[in-house]
Number of protein chains: 2
Amino acid sequence: MTTRRVTLADVARRAGLSSSAASMILNGRPDTRLSNDAHDRVHRAAAELGYRPNVAARSLRVDKTQTIGFISDTVASTRFASGLIKGALAAAEQAEHVILLAETGGDPARETEAIAALLDRQVDGIVFATMRSREVVAPVLPDNTRLVLLNATSDSHSTSVLPDEKRGGRAAVSLLADAGHREGIVLLGHNQEIERDVFRSTTVARRLAGIRAEMQDRGLTFEREESIWEWAPQQGFTAVESLLAEPLLPRALLCLNDPLAFGAYQALTERGLRVPDDVSIVSFDNDEIASYLRPGLTTIALPHEGMGARAVELLLDGTAPHGEHLVEMPVIVRASIRQV
Amino acid sequence: MTTRRVTLADVARRAGLSSSAASMILNGRPDTRLSNDAHDRVHRAAAELGYRPNVAARSLRVDKTQTIGFISDTVASTRFASGLIKGALAAAEQAEHVILLAETGGDPARETEAIAALLDRQVDGIVFATMRSREVVAPVLPDNTRLVLLNATSDSHSTSVLPDEKRGGRAAVSLLADAGHREGIVLLGHNQEIERDVFRSTTVARRLAGIRAEMQDRGLTFEREESIWEWAPQQGFTAVESLLAEPLLPRALLCLNDPLAFGAYQALTERGLRVPDDVSIVSFDNDEIASYLRPGLTTIALPHEGMGARAVELLLDGTAPHGEHLVEMPVIVRASIRQV
DNA sequence: GATAAATGCTAAATCAATTCAGCACCCAGC
DNA sequence: GCTGGGTGCTGAATTGATTTAGCATTTATC
């Protein structure tokens, strides 16, 4: 008892018209001279039969599939990745598009395969996302397939969506400065390599540039800069542990991401010090842990969902200019900064 | 200078054959009597031109798109969701399939829309995933579209993939018992409603059943059971705080998920108590925070990626039996249990 | 040497849509 | 009465693959 799918021909038959007419009416073609009566009959028939067009058949004719490819180096592990996807899904749903997902693990071979697999399915465009925001070689696509880089940059002819790290960096410093911090501010996670090497991470370089610009504008300097390679809790912990071995205690910690701040909390707590009474902390990303910590961690959020949505919107827009589109990083104020 | 995609006809022309022949050869049809020479020519032509079949055209003819729909109520927020997706992607890639992703937010209207959108694109099957593992009403699909429920159950005629919570529950108790804990074991997160109401969460009910079964088998009883509705750090914190106000200290905490354990750590640390020297802790899920904590949290992991992969494998297998397919929950031993 | 069977391949239909050229009808105008 | 133009619609081609029926050859069989 296989119930065949309703086709356009079925609709046309029931409306007593040709499928040409039915097609034109359902697609709302403008200059067609079909009668109002015909319109009514077709729409009624389509509704009664529950007609849904076959996307494969349509896309064979016109070159549109209402489908977007989303290629990412990583889909799991961080909330960032899934946030981007969630945002993309939401924007796609708005525009009645659907998302084909592929993961590459950063492997160029899998990347090529993923792109081919998506092109085989005639996607209208591809969002190419990286978790470690960096400069990438934009894949070459056929002229009718648009490309938007997400959390990545490339040559100037491409469109990319990035967090507004520079302003985010400035915001973090402003939070501390506005709270009255002038002395004993320590930077945690600073890394000279990253600061220079654009290929490894563009956005972190900008984050640091924003931080330094705002410090300078306010006439402030860091008491110390702790260079850390891997920005994980364990590293934050040991860095702050050694910091606390010094005679002069820091008054404020500017951590370059939340896991570092997490490690800092642990080191402080184990020393019997309190956040923010003894040391203020501000950080970046707004990971889940930021809300878990006691007291809550004040942090400059990565706007994942906004970025994902923006990328899809740009892809579908078509008229949007090339270049970088920056998404604002929201300031999430919790309770880790003390008014001095 | 639009470079048209290479079609089967192009390959056939270059090989000096009809497209029928080219099609049969490239698809490796068995009983065809085409010459070895023809085989060579077609394969060479395809390789030289970089031919890739047009999936839309093919799926119009045969009813297969090499595409799987993945519908989830949530894609972001938890590592669990993205882990399932990652696993599904990996298995799909193995089988040269691609995944169409849709999010419903648990809203039945969006659910219907998502299913329709996927069916319009002729997906070969749908993985229907829930984050809050529970009993769902399985969507009705056409006979040629297979369905696998992921982290969800439904009537017996459907196929579903679930974590083996019962054994996981037993494993958690075994860890404590084997370490020598016999007294002062407290259950954190127990909830009578959940334990009874299968519709709200099947797997948590099983987790508890496994725990109770193992306790009984070993002749152990809980010193106390703290009923908590929302399993978040804040709730874990206050529960343990009040626990510590009692004269008799608990010796081991069995937390029903990691965020609760996280809150427990915080409450213990603020009281100057040490994990595991003063109190042992074991938990469930293996969230990211489990490795962040000091000392590392021993926990029974939710096998997200394995589950996601299993679901896709079952979908593609076709011969797999209906019913529940349980995926083992790995025991992640860190340092939160003391040998007594 | 005629017939049958095997070999190697092709033409045309098919899938479900879109789209272009054009058919039949009616009315107006000369 | 015949042309011209507008109206309302349809037929057939098209998209890129798969698949069935069947057409020429060649080879084997008696």
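Chain A is the first sequence line, chain B the second, and so forth, proteins listed ahead of strands; every chain is numbered from 1.
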**Message:** What residues from residues 18-27 of chain A pass a heavy-atom cutoff of under 4.0 Å to DNA chain D?
**Reply:** A:S18, A:S20, A:A21
**Prompt:** Looking at residues 112-122 of chain A, who's got a heavy atom less than 4.0 Å off DNA chain D?
**Reply:** none
**Asked** Separation of A:H39 atom NE2 from D:dT7 atom P, in whole Å?
**Response** 15 Å
**Asked** OP1, OP2 of D:dT14 versus side-chain N and O of A:R61: anything below 4.0 Å?
**Response** no
**Message:** Is it the case that the side chain of B:H39 and the backbone of B:S35 share a donor-acceptor pair, with hydrogens and angles ignored and the cut-off at 3.5 Å?
**Reply:** yes
**Prompt:** Going by atom types only, do A:D317 and A:T319 share a side-chain donor-acceptor pair under 3.5 Å?
**Reply:** yes
**Asked** For DNA chain D, what residues of residues 40-54 of chain A have any heavy atom nearer than 4.0 Å?
**Response** none
**Message:** Closer than 4.0 angstrom, basic N to acidic O: yes or no for A:R52 and B:E113?
**Reply:** yes
**Item:** Separation of atom CG in B:D10 from atom P in D:dT15, rounded to whole Å
**Value:** 12 Å
**Prompt:** When rounded to the nearest 0.5 angstrom, what distance separates CZ in B:F128 from CG in B:L150?
**Reply:** 11.0 Å
**Request:** Check every strand shown and say whether A:R29 touches a base, only sugar-phosphate, or nothing at a heavy-atom separation below 4.0 Å.
**Result:** sugar-phosphate
**Request:** Figure out the CG/P separation between B:N36 and C:dT7, and round it to whole Å.
**Result:** 13 Å
**Fill in**
Picking from D:dA17, D:dT10, C:dC15, the nucleotide nearest the side-chain atoms of A:L17 would be D:dT10
**Message:** In this structure, how many angstroms lie between the C1' atom of C:dT7 and the CG atom of B:L34, rounded?
**Reply:** 10 Å
**Request:** Have a look at B:A38 and say if it touches a base, only the backbone sugar-phosphate, or nothing, with a 4.0 Å heavy-atom cut-off.
**Result:** sugar-phosphate
**Complete:** Distance col, row A:E324:CD vs A:S160:OG, nearest 0.5 angstrom, shows 5.0 Å
**Item:** Integer-rounded Å distance: C:dT14 C1' and B:R58 CZ
**Value:** 16 Å
**Message:** Students often get this wrong, so: under 4.0 angstrom with heavy atoms, is A:R33 touching a base, only sugar-phosphate, or nothing?
**Reply:** base
**Complete:** Whole-Å distance, A:D63 CG to D:dG16 C1', equals 12 Å
**Atom-to-atom span, CD of A:Q66 to P of C:dT18 - whole angstrom** = 11 Å
**Pair B:D124-B:T65, side-chain donor/acceptor within less than 3.5 Å** = yes
**Request:** Send over the distance from A:D37 CG to D:dG8 C1', rounded to a whole Å.
**Result:** 12 Å
**Item:** Electrostatic pair B:D120:A:R58 at N-O distance under 4.0 angstrom
**Value:** no
**Prompt:** So how far is it from A:L315 CG to A:R310 CZ, rounded to the nearest 0.5 Å?
**Reply:** 13.5 Å
**Asked** Quick one: do the A:T67 and B:R121 side chains pair a donor with an acceptor below 3.5 Å?
**Response** yes
**Item:** Basic-acidic side-chain contact under 4.0 Å: A:R4, A:D10
**Value:** yes
**Message:** Surrounding CD of B:E48 (heavy atoms of other residues, nucleotides or ligands, distance under 6.0 Å), is the total greater than 12?
**Reply:** yes
**Message:** If you define the side chain from C-beta out and look only at heavy atoms, does anything of A:E103 sit under 4.5 Å from A:T74?
**Reply:** yes
